2 protein chains.
Amino acid sequence: MVAEMDHEHAERLRDRKKLATRRALRHAALELVAARGFSNVTVEDIAAAADVSPRTFFNYFPSKEAALLADDPELLVELRSAMRSRPADEAVLDVVRSVMKSKLAESAHLLDEGSDPLETLRRMKAVLADPHLRAVFVAHMGTIERCIAEGIAERLGTDLAEDPYPSLVAVSSTSALRLAFALWARSGGRARFASLVDAAFAALRSGLADDGGLAAILRQVAGTAPGAGSGAGRVGESGAGRAGEEVSAQEGSAE
Amino acid sequence: MVAEMDHEHAERLRDRKKLATRRALRHAALELVAARGFSNVTVEDIAAAADVSPRTFFNYFPSKEAALLADDPELLVELRSAMRSRPADEAVLDVVRSVMKSKLAESAHLLDEGSDPLETLRRMKAVLADPHLRAVFVAHMGTIERCIAEGIAERLGTDLAEDPYPSLVAVSSTSALRLAFALWARSGGRARFASLVDAAFAALRSGLADDGGLAAILRQVAGTAPGAGSGAGRVGESGAGRAGEEVSAQEGSAE
DNA sequence: CGCAAGACTGCATCAACTGCATTGTTATAC
DNA sequence: GTATAACAATGCAGTTGATGCAGTCTTGCG
C-alpha cells in the first residue's frame with residue numbers, strides 16, 4: 001500500500017510535491033509579508049520558512065513579488081482568444097466586460113492559482129497595503145490593459161497607432177476592473193466580483209455621473225452608510241440617473 | 001573676470017555643476033538606454049558615460065529607473081494643494097482636469113525637470129518602448145491616482161473606504177491622463193497636451209460613446225486617417241454626440 | 001589664507017537574481 | 001529489483017542594484 005502505487009498516483013507524486021512546495025512558498029511569503037512588510041522579508045527568509053533552499057525559491061518564482069502576485073503570462077493569450085471568440089457584432093465594451101468577468105473572476109487568475117480562497121483575500125489585502133506591491137500590481141494591470149487594447153483594435157480592424165479609441169476603452173475598462181478588485185477586497189470578499197465589475201462599467205458608461213451602484217452594493221454588503229448621498233451635485237452639467245441599468249442581483253444566487 | 005565672480009554667480013557655481021552632472025547622468029542614461037535597451041545598461045555604464053563614479057549616480061537618483069522617469073515626490077503634495085485651492089463648488093471632474101493640465105503639462109513634471117524639451121519626447125518614447133520602464137511608469141501613475149482619490153474624498157467630505165465614487169473618478173481621470181501622455185508622444189510632441197487631456201476627459205464624460213475628439217485631434221496633427229470611421233457602431237446602446245464640447249483649439253496658438 | 005559645508009569617491013555590505021555543476025529523488029525500462 | 005533516464009533540489013560563484021560609512025577634494029565665505 002506504500003510501494004505499489006499505480007502509475008496514476010506515481011505520476012502525480014512529483015507534481016503533488018511540486019505543488020506542495022509551491023504552496024508552502026506562497027504561504028510562507030504571505031505570512032511573513034503580512035507580519036513584517038514586504039521590504040523586511042528576504043527571499044532567504046521565505047525559503048527558510050518553506051523549508052527549501054534559497055536557490056529553489058527561484059525555481060518556482062522569477063522574483064520575490066511573483067510569490068505574492070502570480071503574474072501568469074498565459075493569462076494574456078487566454079484573454080486574447082476569449083475576445084476573439086465573442087460574437088462579431090457585440091459592442092466592444094460588452095466584450096471586454098464579459099471577458100473580464102469570466103477570465104478574471106474573483107481575482108483567481110491575478111492573485112492566486114487554485115489555492116485556498118481564504119488566502120486570496122489576505123493576499124489581496126497585503127498587496128494593497130504595501131506601496132511597492134501595489135505598484136507592481138498596477139503595473140501588472142497595465143500589461144492586461146495593453147493586451148485588451150490590442151484585442152479591441154483587432155476587433156474594430158483599426159490600428160492602435162492611428163485610432164485612439166481602442167486605447168481609450170482599454171484604459172477605462174482596466175480602471176473599472178482594478179476598482180472592482182479594490183472594492184472586492186474592501187468588502188472582505190463578500191461582494192460578488194461580477195456585480196462589482198458590472199457596476200463599475202455602468203458607472204463608466206454613465207459618464208461618471210454617479211457610481212453606477214457601487215455604493216449600493218457596498219452598503220448592502222457591509223451595512224455601512226456613506227457619509228454623503230451619492231449621485232447628486234458631484235458632476236456639474238452631466239445629467240445623472242442613467243447608471244445601474246445592468247447591475248445584476250448580487251446576493252442569494254449561486255456562482 | 002574669471003576669479004571675481006560676485007555672489008550670485010558664485011552661489012550658482014555649485015548648483016550649476018550639480019545640475020550639469022545631473023543632466024549628464026540623465027542624458028547618458030537616455031542615450032545608452034535608447035541604444036541598447038534598459039536591461040542592457042548598467043549603472044556603472046551610465047556613470048562612466050557621465051564621467052562620475054558609480055556611487056555618485058545614487059547621490060542623484062534613488063534608482064536606475066529614476067534617471068529616466070523623474071518621479072518627483074514633491075509633485076504629489078503639489079497636486080493635493082492645487083486641488084484644495086480650487087473653488088469649493090467646482091465639479092470634481094473639472095477640478096481634476098484643470099489640476100492635471102496645470103501641474104502635469106507637457107509631462108514636464110513626470111518625465112523631465114526643466115531640461116531640453118527635445119529630450120523629453122525621446123525619453124517618453126524610450127519609456128513607452130521598454131516593457132519594464134512602461135511598467136514603472138504605469139506604477140508611477142498609480143501613486144498619482146491614489147493622491148487624486150484622496151483629494152476628491154477630501155473635497156466631497158466622504159471616506160475613501162466607504163464611498164467608491166472618489167476612487168472611480170480618480171481611476172478614470174488618471175486613465176485619461178495616461179492616455180493623453182501616450183497620444184502626445186505618439187503625435188511626436190506636436191499635439192497640445194492640454195487639448196489631449198480635454199479630449200480624453202470629454203470622451204470619458206460621454207460614457208465612451210465615442211472618442212471625444214481624440215481621433216480628430218490626432219488626425220489634424222499627424223495627417224493620418226484612421227482605418228474606420230469613429231463614433232458609430234462601436235458602443236451598443238449609448239447615444240453618441242455629446243462629446244468634444246470642451247476641446248480647445250489645438251494649433252496656431254503659441255504655448 | 002583658512003575654515004566649514006557639501007559634493008565626490010572608494011570600500012564594505014546586503015539582497016535580488018542567474019548560470020553551472022552536483023547531488024538526490026522519482027519514473028520507467030529492463 | 002536494479003539500472004537508467006528524467007527531473008527536481010541544492011550549493012556555489014558571480015553580476016547587478018542599492019545603501020551606509022569614512023575619507024578626500026571642491027567650493028563658499030569670512
Side-chain angles (χ1 to χ4, degrees), chain A residues 2-25 28-29 32-33 36-69 71 130-133 135-136 139, chain B residues 2-25 28-29 32-33 36-69 71 130-133 135-136 139:
Chain A
V2 172
E4 68 256 24
M5 322 173 136
D6 57 353
H7 297 246
E8 276 183 21
H9 277 205
E11 166 142 275
R12 270 165 205 154
L13 209 178
R14 254 196 228 179
D15 298 351
R16 270 183 316 178
K17 274 199 164 185
K18 251 188 112 167
L19 209 73
T21 47
R22 188 180 185 84
R23 275 205 229 279
L25 280 170
L32 290 173
V33 166
R36 289 194 248 153
F38 184 77
S39 59
N40 296 325
V41 175
T42 70
V43 172
E44 202 178 344
D45 295 334
I46 300 174
D51 221 57
V52 293
S53 93
R55 185 64 184 83
T56 297
F57 177 91
F58 290 105
N59 288 343
Y60 283 88
F61 305 102
S63 68
K64 199 171 73 165
E65 294 88 349
L68 274 66
L69 274 175
D71 48 347
D130 183 276
H132 179 241
L133 288 177
V136 175
Chain B
V2 172
E4 68 256 21
M5 324 172 136
D6 57 354
H7 297 244
E8 277 184 19
H9 277 202
E11 167 143 273
R12 272 166 202 154
L13 209 179
R14 253 196 207 162
D15 298 351
R16 270 182 315 176
K17 272 199 165 185
K18 247 188 119 170
L19 209 73
T21 45
R22 190 181 184 83
R23 274 205 229 279
L25 281 170
L32 290 173
V33 167
R36 289 194 247 153
F38 185 77
S39 59
N40 297 324
V41 175
T42 70
V43 172
E44 204 178 342
D45 296 334
I46 300 173
D51 222 57
V52 293
S53 95
R55 187 63 184 84
T56 297
F57 177 91
F58 290 103
N59 288 343
Y60 282 88
F61 304 103
S63 69
K64 199 171 75 165
E65 294 88 349
L68 277 332
L69 274 175
D71 50 347
D130 184 275
H132 178 242
L133 288 177
V136 174

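Numbered from 1 within each chain, the chains take letters A, B, ... in sequence-line order. The structure displayed is predicted, hence computed values, not measured ones.
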Among all residues two or more places apart in sequence or in another chain, which pass the side-chain contact (heavy atoms from CB on, under 4.5 Å) test with B/Val43? B/Phe57, B/Phe58, B/Lys64

Hey, where does DNA chain D pair up into stems, meaning at least three consecutive Watson-Crick or G-U pairs with distances under 3.5 Å? C:1-30 with D:1-30

B/Thr56 side-chain N/O to C/dC8 phosphate OP1/OP2 under 4.0 Å: no

Kindly write out the residues that satisfy side-chain contact (heavy atoms from CB on, under 4.5 Å) with A/Val33, not counting sequence neighbours, or none if the list is empty. A/Phe38, A/Val41, A/Leu68, A/Leu133

Specify the residues of residues 37-46 of chain A, ordered by number, for which at least one heavy atom lies under 4.0 angstrom from an atom of DNA chain C. A/Val41, A/Thr42, A/Val43

Checking A/Asp45 now: which residues fulfil side chain to side chain donor-acceptor pair (under 3.5 Å) with it, not counting sequence neighbours? A/Arg36, A/Thr42

Under the side-chain contact (heavy atoms from CB on, under 4.5 Å) test, residues paired with B/Ala49 that sit two or more places apart: B/Ala28, B/Leu32

Applying a 4.0 Å non-hydrogen cut-off, can you work out what A/Pro54 is touching in the nucleic acid: base, sugar-phosphate, or nothing? nothing

Using OP1 and OP2 only, check whether a side-chain N or O of B/Lys18 sits under 4.0 Å from C/dA7. yes

Looking at every strand, decide which applies to A/Tyr60 at a 4.0 Å heavy-atom threshold: base, sugar-phosphate, or nothing. sugar-phosphate

Proximity to the side chain of B/Phe58 - top-ranked nucleotide from D/dA18, C/dT9, D/dA9: D/dA18

Could you list, one pair per line, each protein nitrogen or oxygen that sits under 3.5 Å from a nitrogen or oxygen of nucleotides 11-14 of chain C, together with the distance?
none

Sequence neighbours excluded, which residues qualify as side chain to side chain donor-acceptor pair (under 3.5 Å) partners of A/Ser39? none

